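Computed from a predicted structure; not experimentally measured. All values below were derived from every heavy atom in this structure, side-chain atoms included, with hydrogens, water molecules and symmetry-related copies excluded.
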Amino acid sequence: MRRTIADSIVESLLNAGVKRIYGIIGDSLNALLDAIRRSGKIEWIHVRHEEVAAFAAGADATLSGAIAVCAGSSGPGNLHLINGLYDCHRNRVPVLAIAAHIPSSEIGSGFFQETRPDMLFQECSFFCEVVTGPKQIPRAVTMAMQTATARSGVSVLVLPGDVAAFEYDESPVPERVIHSTRPIVSPSTDELKTLADYLNKGKRITLLCGAGCAGAHASLMKLCEKLQSPMVIALRGKEYLEYDNPYSVGLTGLIGYSSGYHAMMECDVLLMLGTDFPYRQFYPQEATILQVDLDSSRLGRRTPLAYGVCGDVKTTVEMLLPLLKESHSPDHLQHFVAHYAKVREELDNLANPGRAPIHPQYLMKVISDLANEDAVLTCDVGTPTVWAARYLSMNGKRRLLGSFSHGTMANAMPQAIGAQVAQPGRQVVSLSGDGGLTMLLGDLLTLRQHKLPIKIVVFNNGALGFVELEMKAAGFLEFGTELDNPNFAMLAQAMGIEGIRVEDPNDLESAVRRAFEHGGPVVLDVVVNRQELAMPPKINFEQARGFTMWMLKAVLNGQGNEIIELAKTNLLR
């Protein structure tokens with residue numbers, strides 16, 4: 001049988017170690033899928049929506065540490081990839097998207113399903129090029145994968161369906177297609193001395209640490225000890241830094257704690273390490289701010305800096321430690337560690353069974369207590385992320401994935417699919433909002449079709465809960481947020497998936513145990529309290545005024561019962 005461009009692409013993917021591709025077949029992908037079928041060495045993960053394919057590939061790449069691949073057919077097919085690819089790109093994971101295109105002779109003619117993928121994907125990729133003939137192969141594939149790997153982001157290969165079927169009689173694909181390197185990046189000696197000078201002069205130093213601190217836990221503990229510094233953790237740093245950390249004072253930001261907020265606001269030196277924390281209102285105005293980041297373009301883009309250096313966090317901290325004096329007072333550290341202990345106690349007191357409807361804090365605590373010590377947990381944007389941030393206990397083995405930078409709905413279940421496919425022997429739990437789950441509900445069938453034992457926990461509060469909270473804080477009556485949900489457990493059962501519904505808090509622990517012990521996929525539908533407040537660490541005047549205006553409007557519009565339920569939920573536990 002003649003060899004095609006599609007065959008060459010498959011050979012390149014195999015030589016790069018690619019084991020699977022997530023996507024949905026369409027006629028413009030026929031040649032590629034036929035090449036995959038004939039190779040017998042790449043698994044096709046058939047999802048029900050291309051957006052799921054991109055999210056799943058991102059989770060796969062995150063856990064495997066290697067490039068993952070997704071594909072979409074021409075026009076609407078590959079266009080559906082874009083939201084998931086934005087998420088992958090902003091999470092900085094290496095993903096190759098193969099965007100099939102209309103026949104090459106029809107490009108520019110307004111042909112059926114015509115879009116401009118070479119333009120559409122520019123903003124969510126580091127590489128986006130069109131394959132027009134055999135002379136570009138395999139170099140275009142190699143460049144796409146090398147760029148995605150080297151820059152930790154998305155590459156898009158636009159492949160017209162007819163071009164994929166062109167005969168390819170060029171030289172064989174080289175065995176090693178991509179080169180994964182891990183260079184050590186550190187500041188110069190003079191830069192380190194300057195950074196140390198700032199830290200040695202500080203009296204009340206606070207660290208703000210993010211995902212760039214992965215692998216630096218031990219070094220950071222030494223740094224905190226030497227500087228007598230409390231550590232505030234950005235959400236993406238939670239899984240790497242929260243455990244075995246006597247210096248932690250919690251998170252800050254919209255879903256953080258008052259202890260983390262005040263530890264930053266009351267410091268005289270703030271050292272940012274591997275974080276691009278975006279909320280400018282949570283940075284101190286008077287402190288000296290220093291930053292270390294592997295990407296120098298991020299230096300100073302969130303808040304003005306006194307000094308910034310480019311370097312890997314672990315390497316930079318280890319080189320910095322010998323230059324630091326050991327004369328810092330423990331008062332700043334001790335004050336905020338004590339503050340955090342009090343905040344933690346108050347939060348834990350909220351995670352009690354109480355009465356129906358179930359407190360979401362209690363649900364998350366039960367999940368945290370019963371999940372495997374190396375579980376992978378994915379969380380939807382909104383209140384599931386809030387409760388995960390506050391109640392999921394990390395231990396250095398668990399992973400927590402979410403759309404923490406892109407902030408899109410419906411990410412949890414698709415990311416769980418990629419995680420489970422990448423690591424089939426590991427427990428994977430999706431912490432799904434009812435709004436997020438229903439947005440991509442059809443891919444529950446992917447769990448059944450590929451026999452993925454994912455546990456889908458639905459935080460079923462009948463509303464877009466975080467949006468409602470934002471509306472209340474701004475003084476608006478909630479409108480357009482209510483969700484008329486089905487019984488998700490019965491829905492799962494109709495799909496051939498185990499379904500469990502819980503309404504009574506006394507039944508919750510046994511239901512979670514049953515779900516986690518089941519050998520196949522499970523949808524655990526938990527009816528949780530819609531009126532639970534997830535307040536930020538700092539309530540400003542505008543938010544307080546907005547909340548007051550919401551209560552006034554609710555009474556005037558005959559919705560006073562909501563205020564009563566709000567009070568009963570949050571005051572009478």
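Of the listed residues (N78, I82, V156), just one forms a side chain to side chain contact (heavy atoms under 4.5 Å, CB included) with P117, and that residue is N78. Under the side-chain hydrogen bond (donor to acceptor under 3.5 Å, both in side chains) rule, Q423 has a single partner from R426, Q420, Q427, which is R426.
By the neighbour-count criterion of 12 heavy atoms within 6.0 Å, atom CD of E123 is sparsely surrounded, having that number or fewer from other residues, nucleotides or ligands. By the 6.0 Å contact criterion, CZ on R301 is enclosed, its count of non-hydrogen atoms from other residues, nucleotides or ligands being greater than 12.
For the 3.5 Å distance criterion, the side chains of Q449 and R48 qualify, holding a donor opposite an acceptor. Judged purely by distance below 3.5 Å, without hydrogens or angles, the side chains of S12 and N15 never pair a donor atom with an acceptor atom. No hydrogens or angles considered: a donor-acceptor pair under 3.5 Å links the side chains of S109 and E106.
The NE2 atom of H217 sits 4.5 Å away from atom OH of Y243, with the distance rounded to the nearest 0.5 Å. Atom CG of residue D374 and atom CG of residue N395 lie 8.5 Å apart, to the nearest 0.5 angstrom. With rounding to the nearest 0.5 angstrom, the SG atom of C128 is 5.0 Å from the CD atom of Q122. Here D434 contributes atom CG and F459 contributes atom CZ; the two are 10.5 Å apart, rounded to the nearest 0.5 Å. Atom-to-atom distance recorded for F55:CZ and T408:OG1 is 4.5 Å, nearest 0.5 angstrom. If you take CD1 on I21 and CG on L33, they are separated by 8.0 Å, rounding to the nearest 0.5 Å.
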Subject >> side chain to side chain donor-acceptor pair (under 3.5 Å) assessment of N83 paired with E51 >> reply: CA-CA 6 Å; N83 193 45; E51 185 173 337; 2.9 Å; yes
**OP:** Would you please test D293 and T275 for side chain to side chain contact (heavy atoms under 4.5 Å, CB included) and show each step?
**Re:** CA-CA 7 Å; D293 202 289; T275 180; over 6 Å; no
Subject >> Evaluation steps, ring pair (Phe, Tyr, Trp, His ring centres under 6.0 Å), between Y22 and H46 >> reply: CA-CA 6 Å; Y22 301 86; H46 179 194; over 10 Å; no
Under 3.5 Å, which donor-acceptor pairs link side chains of residues 95-104 to any protein atom two or more places apart or in another chain?
residue : atom : partner : partner atom : Å
S104    : OG   : D162    : OD2          : 2.7

Return a table of donor-acceptor pairs under 3.5 angstrom between the side chains of residues 181-188 and protein atoms on other chains or two or more places apart.
residue : atom : partner : partner atom : Å
R182    : NH1  : S180    : OG           : 3.2
S188    : OG   : E191    : N            : 3.2
S188    : OG   : E191    : OE1          : 3.3

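For Y279 and F277, the ring centers sit closer than 6.0 Å to each other.
Considering every non-hydrogen atom in both N411 and G402, the closest pair reads ND2-CA, 3.5 Å.
With F126 as the aromatic partner, R151 meets the cation-pi criteria of under 6.0 angstrom to the ring centre and within 45 degrees of the ring axis.
Here the side chains of H80 and H49 are in contact, with some heavy-atom distance below 4.5 Å. With contacts defined as side-chain heavy-atom distances shorter than 4.5 Å, the pair F488/T438 qualifies. Inter-residue side-chain proximity for I25 and N30 is flagged as met; some heavy-atom pair is nearer than 4.5 Å.
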